[in-house]
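In what follows, a single structure is set out as structure tokens and then discussed.
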Amino acid sequence: MNTAPFLVSFAKYSSIGIVLYISEKERKRDKRIRVSQPLTRGPSAFIPEKEVAQANTVDERTNFLVEEYSTSGRLDNITQVMSLHTQYLESFLRSQFYMLRMDGPLPLPHRHYIAIMAAARHQCSYLINMHVDEFLKTGGIAEWLNGLEYVPQRLKNLNEINKLLAHRPWLITKEHIQKLVKTGENNWSLPELVHAVVLLAHYHALASFVFGSGINPERDPEISNGFRLISVNNFCVCDLANDNNIENASLTGGNFGIVDSLSELEALMERMKRLQEEREDEEASQEEMTTRFEKEKKESLFVVSGDTLHSFPHSDFEDDMIITSDVSRYIEDPGFGYEDFARRGEEHLPTFRAQDYTWENHGFSLVNRLYSDIGHLLDEKFRMVYNLTYNTMATHEDVDTTMLRRALFNYVHCMFGIRYDDYDYGEVNQLLERSLKVYIKTVTCYPERTTKRMYDSYWRQFKHSEKVHVNLLLMEARMQAELLYALRAITRHLT
Amino acid sequence: MHCHLDAPANAISVCRDAAQVVVAGRSIFKIYAIEEEQFVEKLNLRVGRKPSLNLSCADVVWHQMDENLLATAATNGVVVTWNLGRPSRNKQDQLFTEHKRTVNKVCFHPTEAHVLLSGSQDGFMKCFDLRRKDSVSTFSGQSESVRDVQFSIRDYFTFASTFENGNVQLWDIRRPDRCERMFTAHNGPVFCCDWHPEDRGWLATGGRDKMVKVWDMTTHRAKEVHCVQTIASVARVKWRPECRHHLATCSMMVDHNIYVWDVRRPFVPAAMFEEHRDVTTGIAWRHPHDPSFLLSGSKDSTLCQHLFRDASQPVERANPEGLCYGLFGDLAFAAKESLVATESGRKPYAGDRRHIFFKRKLDPAEPFAGLASSALSVFEMEPGSGSMSWFVDTAERYALAGRPLAELCDHNAKVARELGRNQVAQTWTMLRIIYCSPGLVPTPNLNHSVGKGSSCGLPLMNSFNLKDMAPGLGSETRLDRSKGDTRSDTVLLDSSATLITNEDNEETEGSDVPADYLLGDVEGEEDELYLLDPEHAHPEEPEYVLPQEAFPLRHEIVDTPPGPEHLQDKADSPHVSGSEADAASLAPVDSSFSLISVSHALYDSRLPPDFFTALVCDMLRFYAEQGDVQMAVSVLIVLGERVRKDIDEQTQEHWYTSYIDLLQRFCLWNVSNEVVKLSTSRAISCLNQASTTLHVNCSHCKRPMSSRGWVCDRCHRCASMCAVCHHVVKGLFVWCQGCSHGGHLQHIMKWLEGSSHCPAGCGHLCEYS
């Protein structure tokens, strides 16, 4: 009943979107006219279908989990890809189910709307579509879907924090929190705010995963009517457009293609081994350690900026796309994006010292206090992803990958300006090759720009499941970073 | 006494002589001398131009044997020792860079001069001999990060370590290969532990799960002997010297106070220090044998010395009263002894008897004896008296709406009478008389109803003779006729409900039993008054349990038709004591019986019902006060607009909620819904508008149908089709349990009237009943 008006407007929007898109496309490169079909079938555009399906048929457990926790009641593409790591999938689904469906301070439709807002920051059409459905199913007001100006002021107020969290979480201060919770007509209570923050962080991070793993739009002809199909396609076109654009653009700095991929792996193994041994004898001075962190921070700056130039030569096209796409309805200030933490050197934002505000000691207690039980679920999830290992690397077995996992995790935090005193950031440099850094930076900071090329270019010897594992790490590291900043601001507001 | 530090502190430690304290943090490392009135900065150990991460301290400890020796744990994983005896400005002594991750804790051996232990985030504990350049032994917890390590105070070789996954391990310093003992102490990280300074077996642990637990380690399996629940995660725990059961805790988040607990009293802290404005990060008792000085460092960049006698004691503010109902109506009540002492002198509550009365045996040695001791009394319900069947019956049988007022009142009066609740019955009758003009009263009922009205004068009585009645109101008094008790003032009230007017009786005994009359004069016009009839208390007064309801009464009806002649007769009778309402108190009768006459205010049939509104409201309040909120609400509903405006919204709401709550406890869902529906209070009618969703599962795929009740999103089919009209059923769906075909209730009913076979044509012989 109440979906009807929405669909109409949706269709209107999307038809405009697609027309514009095609015309742009024709102007820029008249080779391809329509890209309405996903490049690969199956849940992911990056991963061959059989890789996922193969694992899938084996796994009874996954099906059970989906039955238990999935909100849509079906095995969506995210779940399918994640089911490569069933252990993790369980804690992921459980926490997601809890924050969407179980007792919490926010009403159900609001939760989905917040998810939409979060996903919209990264133009993640996949998640938006999914939650538009859920939003309507849980009794949300269809009018809200017309854009931010149609929602209550209260939800709209969340926009600022959404924007900051998604792109520059270090800018969140207690003033932002105060503004939201100060008494008034549209104020947020602290538990509500924490719930919202958890949702935002979760969906920002999930957007990273969706783009990072090239999740394909859900194909469900039975449920989609004509309108929906178009809109879905419109969105997915955006995703794939990146890929097409980059096809001819040469990636700079990548040493792949020069080094044989096999020796690449060997080299990595070698480096890991060396690092492990080195530790005992070589001691870097404190100054050096600090410099290494700064260097890593700085370097992360160049990592993608060079790359963005190439992958997005037509900036006008990008702008058009953002403006015309449906997604921008849910956000304000679409131009606001990630800005390198290091670049702001002039103002010298204080580095976030991880030891002063850790998830285990501080974040957990606060979150659990204000939104009971979510702390345990998130804690389990973080722990799970951090400790998940099969002791394999590509073809090698019995490898301790702790070092590699820690490097990935800390590198993500590094880009958000979180520093671990007890970590030697020189390791990052040794362990993560440039193409991987490019990929990490893109996935965590500008996930919407991820391309299959990037996905393929790093760790070419590694299995897809291992790359999904990387994505999981990136996603959780990002979520934790966002949460830490937001919770620290809330703590400061409280004291 | 406190002093401002330049930066947030992470940990503090006290020198052996209790005269100096060291404060360490990310960007502070200083020694302060503790003087009489203030802290004096003595030494800044943070030297060198470039701040090194080695100086970013997570923990600091001062050797308890050697006052020149300190150790710090740095956030970058370095363990540093400091020798204050060094002549140079830089007191740094040794550097151990063996840990890969942040070192959370360092600990000196309590008696050995050169042994230092460290626990780190990387999951290892290392034991250093300060005479050597590197560690002597490494202990692997085989689990997650180490949060705390503590040498046992008595056992030379033993130390305890706590872990992020909730485990506590006990190690022998000589055996690095495996731990002696391991157990899970907390849910989530165990942030801290502390050995009891005297009791060699006791170990206190504090965790993120907001608990402090005290373990007895002497037994074969670690036994939890005490558990204190705090309000935030426990960051530090320190036994209070010289006080066997006291320990101090501080929290890592949210809560900035320091608490001192008596572990035997785990609910209220014995003392509380509230000076800090940000979380307290380090606490230390100043002297190992002085329980009165506590030092603390905090993230708010202050160092404080707290005097125990200045602490605020939450116990003083605690409320030592408690009241609780048991499952079967027993009532437990704890109160200050002084209160109970006076109360126990009183007459026990009628119907209940105090079953148990006991007092906690207090150990005079306990420090908090007498601070707040309370006595607990338990009242037990007499079997049967707690039965609420009358409530259920009444609730089910009352008619609240849908009929004319008179009928409703009659019906309800009848119900009440059948349940033996005569006072209530009378009230209903009275209401009917008040609100339905007498002309409408059907003749056959006339006498009856008037009689009822007259013997049910309680509410009216109240208001007319409020002065007299006030003491009697609500008091539980037994009428014991056999004793010839003539306490007319108190008896009066109850008697109005309990006594029986027996016209015949009066006729027969009239000669020797002069009745008393109470004449309530409203307007001073005698002919407009109903006369009160003398009522005789019935000789066979039963033993009553619930005073106002449980009296099985027989009502004999006074025959007082509202005819002027009759009234005149009565009025003319010598017993009429005039037209003073106040004079209505009973004249004691000199008979062997205690004759209680209940006088009834009379009313003018021509008076508008409004006149009585105040009385009715009083009556409702009276019932509500008595605990019979059922009556109050029922009357409120039945009378509707007539009285509603005179009772304030909140009271009404309160009554409604109590009644609904009661109904729901008795599972009277229908009645409660009816009440909700009939209520006019907005807050109440909202009750039924919340969570009105009914969730259904699809009959094919068994998944919940989330969007609409009749179409399944998964299998895309309509879940329930009517077998008769082949349309989707969107309301009541009835189906045969034999063949599972069904449809619209109306259709199926109609179909089965004409046919006995299933409408779907499956051949099943369906039955509809």
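Throughout, a chain's letter reflects where its sequence line sits, starting with A, and its residues are numbered from 1. Values below: every heavy atom of this structure, side chains too, minus hydrogens, waters and symmetry copies.
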* Structure fact -> Note: vs chain A, highest number of non-hydrogen pairs under 4.5 angstrom among B:Lys210, B:Gln121, B:Arg277, B:Glu164 is B:Glu164

With a 4.5 angstrom heavy-atom cut-off, could you sort out which part of [X] is near chain A: side chain, backbone, both or neither?
X        : result
B:Asn187 : side chain
B:Ala74  : neither
B:Thr75  : both
B:Glu98  : neither
B:Arg26  : side chain
B:His99  : neither

* To do: Answer yes when B:Asp255 and A:Arg369 have at least one side-chain N-carboxylate O distance shorter than 4.0 Å, and no when they do not.
  => no

* Which atoms of A:Asn368 come close to chain B, meaning under 4.5 Å heavy atom to heavy atom: side chain ones, backbone ones, both, or neither? -> neither

* **CD/A:Gln87: more than 12 non-hydrogen atoms of other groups inside 6.0 Å** => no

* Asked: Are more than 12 heavy atoms from other residues, nucleotides or ligands located less than 6.0 Å from atom CG of A:Asp103?
  -> no

Taking all non-hydrogen atoms of both residues into account, name the closest pair between [X] and [Y] and its distance.
X        : Y        : value
B:Asn76  : A:Asp421 : CB-O, 3.2 Å
A:Asn361 : B:Met253 : O-CG, 3.9 Å
B:Arg208 : A:Glu360 : NH1-O, 2.8 Å

* Examine distances only and state if a side-chain atom of A:Asp422 and a backbone atom of B:Thr102 form a donor-acceptor pair shorter than 3.5 Å. => yes

* **side chain to side chain contact (heavy atoms under 4.5 Å, CB included) partners for A:Asn387, two or more places apart** => A:Arg383

* Determine which residues belonging to residues 486-494 of chain A lie within contact range of chain B, meaning some heavy atom pair is under 4.5 Å apart, and list them by number or answer 'none'. => A:Thr491

